[in-house]
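Heads up: numbering here begins at 1 and tracks the sequence.
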Amino acid sequence: MSTFLSHVGRFSARFRWVVVVAWLVIFAALIGVFAIGSNSSSGEKADSSIPDSPASLALERMNHEFPVGASADGAALKLVFHPDSGDVADPATATDIGSLLADAESLPGVASVSNPLDAAHPSISQDRSLAVSTVSYGDLTADQQKEYYDAALDLQENAPPALGVELGGNLVPIGAPAPGIGEGVGVLIAFVVLALTFGSLLAAGANLLIAAFGVGVGLMGILAFGSIVPISDNSIILASMLGLAVGIDYSLFILSRFRNELRSGKSVDDAIARATGTAGTAVVFAGLTVIVALVALLVANLSFITEMGMAAAFGVLIAVLLALTLLPALMRFLGIHALSKKHRTAFQRGELWSEGEKQRRGVMRGWGSFVVNRPIISLLAGVLILVIAALPMLSMKTAFNVPGGADPSSTERAAYNLVLDEFGGVQSPLIVLAEGDDIAAQTATIEGDLAALDGVQQITPAEISADGTFARIIVIPEGGPIDQSTKDIVHSIRDDADATAGVHLEVTGETAIGIDQDAQLMQALIKYIIVIVVISIVLMIVLFRSLLIPLVATIGFLLSVGASFGASVAVFQWGWLDPLIAAPQGDPMLSLLPLLLVGVLFGLAMDYQVFLVSRIQEMHRKGMDPKGAIREGFARSGPVLVAAATIMIVVFAGFATSTFAIGASIAFGLMVGVAADAFIVRLVLMPALLSLLGKSAWYLPKWLDKILPDVDVEGHSLEATAREEEKQPALVG
């Protein structure tokens, strides 16, 4: 592979203008597809539901048997009044409520406004401290949704404070917000790290330019596809943050090798070919690992998860292709200006530098020596830190959706909680579908059994289907849809589904659907972790030709994932960093988050494993003893790995400052996971274990060694080719 990639790099450098124009044409074509597709698109969004679960199937049956009651009447909001007077029927308070309801009737798009104080249809709490009015709309377009909701929100914000008005519901589907200042700061810090790493603003700018262009091409490709087939905003967020992070890292690895080759005396074209053949091979392997991990989300068999994985995999693929083609073209434009001023001067004087020179005082060499000399202490300390970070995971709670909106401080959540406190779970009732030959004769018994369950506040009289074989019973719980008491009601109904002779019960509604979604996502997570572990072990056996290294590397990956989960729980569920994290905190973790973190962190962990251990492997193959190989591998690859991990951390940290809960939680989990994996697992646990294992770390049965392909990460075939070319003139002479 290294020989082929070196030819790709040399070709891209020689025909650099062709490569640049080709990528610009691809970018423009994707913009054109997006423009055409978005004009003809209906604006639909991808469905994020989980089909074929017991609750969703029950809902389908209910809609079929009770089509009239299941039909939607359009969008609606709720005005919730919780006055300071404590009595909504107080004459002065009632007058103010009536005045506000009159203003609500004049809002744009409003079809009707209910009066909660109407004696015929009152909607007030028993203690008269709360009143709820429903503001009904018809079917709305996307533009109307935002306009009408903003108008209703303005009415609520300008209502008399003494009325305690909160606006329940939201006409506008929650989507990803525009990039904020945090993302920009993260990119700026990444540029500073690159500039310090390279000692050259030109090289740092070229690296960042490739990554930014890759994000642009990747996102435009996703949007172009999304203009034809609906996709979710979450897919765009994951693809953008991951594409930017790996785009910077992959270009960093190749550009660093290019600079080293220049300093060793190679011409610009030869340095490009050599860098693309060696570091480019590692980039391909690392990129394919990330892509495989993301595509493997297919095993979850959940369409929206698969969609996010595919979109992110496309972004990573674009980053790899740009690093192998456009970056060599840009390196040819830069030439020796990719070097710092000091190194450029030395290069022009003919002072050559050898990467093999031992840097006796290098920080990474010193760190590698420390870990190698104290492997047991280093190992115990690293494991202890990761275990402590992972402990909050034991109290992790998940939810597919958070009732009342994602922001605990919003008026929407306040309205939801006020209604919940006074009326119970009326906003998210359980729906029981009873089936039997003569169901009408059994409804009284069924209703009595349901009413006797713990946590049930109210039972509505059963509705009988047209053919008399189905009954629909609404169960109002005392708690909200994600409260354990409400979940217990669902489990009790399902456990006793056939307790009444000749009758079968099914339950649906927000709580039942959420239970099924969480269960399916947990099953998918377990299945996915098994697949990921198998992939990890197989890939690393092929790459490192060892049995023990893949095993300890996979264990380290699982520890870093645990730290990521634990930190995410502490921040987003417990609210530990509330002053620093803008996204809402205090809610259960999103059910899809663990699955995504496992997939992305696996790919990134394998990146660092490849770039670090491949150098240690190279030194060992050259005859160094195990401890010497670790020290030398650290000295050569450690600085670049630290820079790459730091860049990825600051990029994810920028996205973690977003106010969008999904994007911020994914970014924060990745930030912690990358920090744990790069700085503890790869720079502490891995060298400590390699030191303890000694030569046995590289053990591979002979029969397996014969059948495994040889992945030439460090370009040994290029060295052989170069030696043959050096001999060629003598043979001709």
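- In this structure, the side chains of Tyr528 and Leu595 come closer than 4.5 Å at one or more pairs of heavy atoms.
- Val598 pairs with exactly one of Leu297, Val531, Leu525 by the side-chain contact (heavy atoms from CB on, under 4.5 Å) rule, that one being Leu525.
- Ion pair Lys146/Asp150 flagged as a salt bridge, since at least one NZ, NE, NH1 or NH2 atom sits closer than 4.0 Å to an Asp/Glu carboxylate oxygen.
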Stepwise side-chain hydrogen bond (donor to acceptor under 3.5 Å, both in side chains) check, Asp488 with Gln484: CA-CA 6 Å; Asp488 290 341; Gln484 188 58 47; 2.9 Å; yes
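- The aromatic rings of Phe557 and Phe602 lie perpendicular to each other, with more than 60° between the two planes, well past the 30° mark.
- With Gln427 contributing its side chain and Tyr416 its backbone, the two residues share a donor-acceptor pair below 3.5 Å.
- Residue Ala563 comes nearest to Val672 through the heavy atom pair O-CG1, 3.8 Å, listed as atom of the first residue, atom of the second, then distance.
- Closest non-hydrogen pair, Ala313 versus Ile291, comes out as O-CG1, 3.9 Å.
- Between Thr134 and Val113 there is no side-chain heavy-atom pair separated by less than 4.5 Å.
- Across Val456, Ile473, Asp496, Thr445, a single residue satisfies side-chain contact (heavy atoms from CB on, under 4.5 Å) together with Leu450, and that is Ile473.
- Counting only distance, with no hydrogens or angles, the side chain of Glu147 and the backbone of Gly109 share no donor-acceptor pair below 3.5 Å.
- The main-chain N or O of Gly425 is never found under 3.5 Å from a side-chain atom of Ser428 such that the two would form a donor-acceptor pair.
- In this structure, Thr500 contributes its side chain and Val503 its backbone to no donor-acceptor pair below 3.5 Å.
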